[in-house]
2 protein chains.
Amino acid sequence: MSLKTDGLRHDEEDSSPLRRTSRRNTTRRERVAPNIGHVAAAAGVSRATVSRVMNGSPTVAPELAARVRAAAEALNYQPSRLARSLALGRTSVVSLIVPDLSNPMFQDILRGLSQAAAAQGHRLLVAESNENIQEEKILALEARRHSDGLVLASPRVPEEELLTLSEQLAPVVLLNREVPGSNLPSLSVDYAAGIRAIVTHLLSLGHRHLVYLAGPVASASNQERVAALRAASVATPGFTLTEIPCGSMFEDGHAAARAVLATKATAVVAFNDMVAFGTLSGLHELGVAVPDDISITGFDDIPFARYTTPPLTTASIPKNELGKQAWDRLWALMNGESPGHNVHFQPRLLIRESTGPAPTRHA
Amino acid sequence: MSLKTDGLRHDEEDSSPLRRTSRRNTTRRERVAPNIGHVAAAAGVSRATVSRVMNGSPTVAPELAARVRAAAEALNYQPSRLARSLALGRTSVVSLIVPDLSNPMFQDILRGLSQAAAAQGHRLLVAESNENIQEEKILALEARRHSDGLVLASPRVPEEELLTLSEQLAPVVLLNREVPGSNLPSLSVDYAAGIRAIVTHLLSLGHRHLVYLAGPVASASNQERVAALRAASVATPGFTLTEIPCGSMFEDGHAAARAVLATKATAVVAFNDMVAFGTLSGLHELGVAVPDDISITGFDDIPFARYTTPPLTTASIPKNELGKQAWDRLWALMNGESPGHNVHFQPRLLIRESTGPAPTRHA
DNA sequence: TTGATCGAAGGAACCGGTTTCCAAAGTCTT
DNA sequence: AAGACTTTGGAAACCGGTTCCTTCGATCAA
């Protein structure tokens with residue numbers, strides 16, 4: 001067996017995978033991950049051959065391949081992901097950027113994406129933008145450079161900027177927003193349709209005065225909801241709509257409970273389930289009965305919506321499916337294929353027990 | 001200005017950052033990220049100098065540095081993370097492995113870790129092991145090779161195997177379990193103490209018959225809870241403990257509601273908050289009043305625990321803090337420092353409204 | 001004026017893989 | 001047995017950075 005010394009230019013006196021820990025600490029030697037050169041030397045072949053064997057190239061003789069595999073096994077050799085990525089120009093990692101990790105909505109998307117990506121040997125990098133527009137852009141660029149693709153749930157960044165960025169971010173899939181002038185693939189939810197379904201439901205129960213607990217003003221999906229609500233209020237005679245600035249979190253809804261009562265409305269349309277929960281809880285503390293005194297609806301159908309008391313009437317969106325479809329589209333893009341048409345998911349109205357007939361008022 | 005051609009061995013006729021898209025597609029050229037060679041050529045310096053400037057080395061003359069920066073700016077140059085990582089031997093990414101991403105407990109840890117890591121310029125890779133022991137090990141190794149360190153919430157892998165793996169996984173921080181014989185840093189929760197607090201609370205309310213809705217049997221933290229409960233039942237005269245195999249998820253608790261009633265116990269100690277919610281909801285559907293007919297406790301204090309009806313009595317554990325501390329320890333390890341002593345977080349009993357006096361039974 | 005010292009910047013090795021290109025060896029044909 | 005074709009596997013370029021080592025020129029002390 002002829003021992004080659006490729007890749008061992010450093011310590012030629014010693015072919016075992018040992019190396020100085022760092023340039024500073026020259027006293028102690030410790031075992032370090034063996035590299036392709038060590039395996040090649042051990043098997044008596046070139047590094048090229050080791051690479052071929054590790055990647056299952058059919059052009060290497062079976063008995064040689066076996067010898068290489070044995071050597072790799074003996075040394076417990078694992079190819080460096082980094083070096084491999086650099087050479088191949090691909091990392092097998094994709095990134096997800098969400099505004100708020102504490103929102104169960106994004107958690108479910110994260111999960112769906114993670115599982116779909118994992119099924120095809122890809123890992124998921126997660127970053128939270130904390131609703132900060134400036135940071136969101138930098139974060140997106142940064143994350144993109146760590147990975148092969150991006151799923152971007154970025155409701156706040158203005159369209160023009162997104163368009164400018166998109167070249168550097170590609171391949172990218174947008175969540176929950178579309179950029180009209182562009183051909184950026186996006187998966188979104190038809191919030192307007194969901195709101196219309198909710199309003200129709202409430203109207204049929206006799207409600208005529210609705211409060212909308214608004215989400216973040218810059219949020220695209222909030223704007224969509226507001227528009228749908230206003231359109232409905234204009235189209236329906238005798239329909240009163242009150243808007244209260246609120247937020248997207250639990251605490252926001254909780255804090256809004258008194259304001260809701262003050263409006264004398266008979267039903268609350270909350271920005272999302274989290275806000276609805278907060279309001280539910282706040283109203284409960286104030287001794288208000290739901291749905292007898294007031295009805296409440298949410299949006300998203302996060303897992304807990306079924307289990308509150310009373311269970312929450314809400315518009316369900318297929319969060320896992322969103323994650324999965326995001327992966328499918330990203331995967332297509334990464335392979336240079338067309339991502340297919342944008343999907344506009346239709347929310348499904350789930351009528352539970354937080355909505356009931358409008359109470360009859362003594363005027 | 002002398003134009004060097006370092007890094008441009010490929011297309012020497014053209015110094016602009018253009019390159020063939022791939023080896024197969026030779027017809028179309030498209031703009032590609034410029035590399036350090038392009039910047040060096042544009043600024044008329046060596047690649048080494050560009051590197052120094054990009055990393056803020058003080059040994060570069062100010063006017064030269066300015067020229068390099070201008071060139072980088074003009075080309076919109078961004079150093080390749082990959083190449084940088086390979087050269088530096090560090091990725092600025094850490095991995096988190098959790099058994100179940102749908103558990104809010106882990107979501108909060110994820111969030112805490114992500115934020116702490118981000119604050120020091122690191123990104124987070126997330127992987128879900130789906131409670132599969134074999135996959136958990138492979139996943140951990142895989143994830144580790146993508147990153148500089150690992151936070152491992154892996155309750156099921158046997159201790160010996162974990163010990164064997166630990167060398168390859170280091171630096172690693174364990175969550176929610178300790179491996180006695182090793183010096184693996186770990187952050188855990190004193191589940192026994194939490195259980196004792198819960199039991200004491202229930203006993204003081206007059207409860208004498210408790211059902212424990214057990215979590216996954218292989219789970220280390222479940223074993224700790226069981227042990228604490230049994231110890232309490234042995235130590236307290238007239239204390240009856242019934243154990244029901246259950247699980248860790250919502251649905252598990254929901255399904256167990258009937259079984260709970262059948263035991264005639266006056267209080268339920270659920271494995272965690274999710275299970276408690278499920279049970280709460282199941283009992284509600286069966287027309288059982290909580291806490292009047294039966295008391296329920298959870299564990300973890302996930303965000304929703306405050307907002308259920310009735311709000312859940314539970315043992316609170318500092319999930320964000322767990323994530324943050326995990327980062328601190330990992331960071332210490334990654335810098336070759338000592339991670340400090342293992343921390344055993346003490347749960348805090350939060351008495352809410354899901355527990356009340358034991359009902360007086362007519363025997 | 002000369003020798004020593006110091007700072008700045010370039011050359012080249014290196015991180016650890018992949019892949020092209022090519023030479024050598026082996027097989028088949030006539 | 002010679003020429004043509006097919007495997008097989010090695011050498012070396014390449015991915016895109018970082019950094020050690022060296023050189024060159026300027027400054028400073030003698």
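Note on naming: letters A, B, ... go to the chains in the order of the sequence lines (proteins, then strands), and numbering restarts at 1 for each one. Bear in mind the structure is a predicted one, so any value in this text is a computation, not a measurement.
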Below 3.5 Å is the cut-off: list the nitrogen or oxygen pairs between protein and nucleotides 23-28 of chain D, distance only.
none

Can you tell me how far [atom2] of [N] sits from [atom1] of [X], to the nearest Å?
{"X": "Ile36(A)", "N": "dT19(C)", "atom1": "CD1", "atom2": "C1'", "value": "11 Å"}
{"X": "Tyr77(B)", "N": "dG16(D)", "atom1": "OH", "atom2": "C1'", "value": "7 Å"}
{"X": "Asn35(B)", "N": "dC14(D)", "atom1": "CG", "atom2": "P", "value": "12 Å"}
{"X": "Leu82(B)", "N": "dG16(D)", "atom1": "CG", "atom2": "P", "value": "10 Å"}
{"X": "Arg84(A)", "N": "dG17(D)", "atom1": "CZ", "atom2": "P", "value": "21 Å"}
{"X": "His38(A)", "N": "dG17(C)", "atom1": "NE2", "atom2": "C1'", "value": "14 Å"}
{"X": "Met54(A)", "N": "dT19(C)", "atom1": "CE", "atom2": "C1'", "value": "17 Å"}
{"X": "Arg47(B)", "N": "dC14(D)", "atom1": "CZ", "atom2": "C1'", "value": "11 Å"}

For this session: Indicate, with a heavy-atom threshold strictly under 4.0 Å, whether Val50(B) touches base, sugar-phosphate, or nothing.
Result: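 Val50(B): no heavy atom of the nucleic acid under 4.0 Å.
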For this session: Return yes when atom CG of Asn335(B) has more than 12 non-hydrogen atoms of other residues, nucleotides or ligands closer than 6.0 Å, and no otherwise.
Result: yes
Exercise. For Thr49(A) and dG9(D), is the shortest distance between a side-chain N/O and OP1 or OP2 below 4.0 Å?
Worked result: no
The side chain of [X] lies closest to which of these nucleotides: [options]?
{"X": "Ala48(A)", "options": "dG16(D), dA12(D), dG17(C)", "result": "dA12(D)"}
{"X": "Arg52(A)", "options": "dT20(C), dT8(D), dA9(C)", "result": "dT20(C)"}
{"X": "Ser80(B)", "options": "dA9(C), dG17(D), dG16(C)", "result": "dG17(D)"}
{"X": "Val60(A)", "options": "dG16(C), dG9(D), dG16(D)", "result": "dG9(D)"}

Problem set entry | Under-4.0 Å salt bridge between Glu73(B) and Arg69(B) |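 Salt bridge flag = no for Arg69(B) with Glu73(B).
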Problem set entry | Non-neighbouring partners of His146(B) that pass ring pair (Phe, Tyr, Trp, His ring centres under 6.0 Å), sequence neighbours left out |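 Testing His146(B) for ring pair (Phe, Tyr, Trp, His ring centres under 6.0 Å), a comparison that skips the adjacent residues, returns none.
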Exercise. 5'-most contact on DNA chain D: Leu88(B) or Thr59(A), nearest heavy atom basis?
Worked result: Thr59(A)
Exercise. Over its full length, what angle do the end axes of the helix from dT1(C)-dA30(D) to dT30(C)-dA1(D) make, each axis taken from five pairs and the result rounded to 10 degrees?
Worked result: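 Between the axes fitted at each end of the helix from dT1(C)-dA30(D) to dT30(C)-dA1(D) lies an angle of 50°.
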